[in-house]
Amino acid sequence: MNDKTELTEEDKSLLLNHDYDGIQEFDYPLPNWWKLSFVLTVIFSVPYAIYYLAMGGPTLNDELIQDMASLNKVRTAYAVKMAKFDTDAYSAFEGPEGIALGAVVYEDNCLSCHEEKGKGDIGPNLTDAYWIHAKGTASTVYEVVLNGREDKGMPTWKEDLTKDEILQVVSYLMSIKNTNVEGGKEQQGLLIK
Ligand code: HEC
């Protein structure tokens, strides 16, 4: 590599006056943008400290409480919106595409208890005309899926699935209703024609 003798006069003027086992270093000045940003942070810190330390600016905890309050407002509004069966939104999922989306939601979340094609196991057979809680219609099935029947082993889904996902899985259930799949679980509930 470069020998020390190849350094220009300017290089040499920047060379620091120390030597570690033959290794020397240059003393380049910090770039101006860096110095400027440092000065700006120092200037910024003065009103910042006055506001937060002396003028009663919100603490992290205050900000958390405010954020949680507005988050809860959004959550409540969403829960209220979700509780109502949205006919318009549902109609968008009634076709084959919506049913296919619903089949995926079903496989991921419901299959473990309601088994393949809805034939039933831990949960009831969803392919017959007998219903325990729902009345066989999209809106009543929606309500059961949304709120669950936790005391009877059917989980609530409003926390884990979006409104659209529930509407899709309802559309899927409507498509398998009354298909009386082979090997299905015995009838439970009331016959709804
Ligand atoms: C942990 C097991 C379990 C899972 C997972 C589960 N269910 Fe259920 N489900 C049940 C049980 C048990 C019942 C019946 C409760 C009873 O006997 O009163 C039920 C009932 C239902 C009913 C009402 C049937 C009727 O006859 O009125 C519907 C609809 C339903 N489940 C849909 C779903 C959907 C959709 C999913 C997935 C998003 C799902 N379930 C996931 C256990 C489950």
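Note that the structure is predicted; figures quoted are calculated from it, not measured. In each ligand, atom 1 is the first atom listed, and ligand 1 is the first ligand listed. Side-chain atoms are counted along with the backbone in the values below, which use heavy atoms only and exclude waters and symmetry mates.
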For [atom], which protein heavy atom lies nearest, and how many Å away is it?
atom: atom 12 (C) of ligand 1; value: Lys152 O, 3.3 Å
atom: atom 34 (C) of ligand 1; value: Cys110 SG, 3.4 Å
atom: atom 32 (C) of ligand 1; value: Met154 CE, 3.5 Å
atom: atom 13 (C) of ligand 1; value: Pro124 CD, 3.2 Å
atom: atom 29 (C) of ligand 1; value: Val141 CG1, 3.8 Å
atom: atom 2 (C) of ligand 1; value: Cys113 SG, 1.9 Å
atom: atom 5 (C) of ligand 1; value: Asn109 O, 3.3 Å

Atoms of ligand 1, numbered as shown, that sit under 4.0 Å from any heavy atom of [X]:
X: Ile122; answer: 12 (C)
X: Val144; answer: 22 (C), 23 (C)
X: Ala134; answer: 27 (O)

Could you pull out, from [options], the option with a heavy atom nearest to [atom]?
atom: atom 42 (C) of ligand 1; options: Gly148, Gly136, Gly153, Gly120; value: Gly153
atom: atom 28 (C) of ligand 1; options: Leu126, Ile166, Leu161, Val170; value: Leu126
atom: atom 16 (C) of ligand 1; options: Lys177, His133, Arg149; value: His133

*With Asn147 as reference, evaluate Glu143, Glu150, Arg149 under the side chain to side chain donor-acceptor pair (under 3.5 Å) test and give the passing residue.*
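Among Glu143, Glu150, Arg149, the one that satisfies the side chain to side chain donor-acceptor pair (under 3.5 Å) with Asn147 is Glu143.
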Considering non-hydrogen atoms only, spot the tightest contact between [X] and [Y] and give its length.
X: Tyr78; Y: Lys163; value: OH-N, 3.3 Å
X: Gln168; Y: Val105; value: OE1-CG2, 3.8 Å
X: Asn109; Y: Trp157; value: O-CH2, 3.4 Å
X: Glu165; Y: Thr162; value: OE1-N, 2.9 Å
X: Asp128; Y: Lys185; value: OD2-O, 4.5 Å
X: Glu115; Y: Tyr106; value: O-OH, 2.7 Å

*Donor + acceptor pair across side chains of Glu25, His18 (<3.5 Å)*: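 Judged by distance alone, the side chains do pair up.
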*Polar side chain donor-acceptor pair, Ser91 to Asp88, under 3.5 angstrom*: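 Result is no, nothing qualifies.
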Region of [X] that comes within reach of ligand 1 [heavy atoms, distance under 4.0 Å]:
X: Ile132; result: both
X: Trp157; result: side chain
X: His114; result: side chain

*Quick one: sort the Trp34 and Phe38 rings into parallel, tilted or perpendicular, breaks at 30° and 60°.*
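Ring orientation, 0 to 90° scale: parallel.
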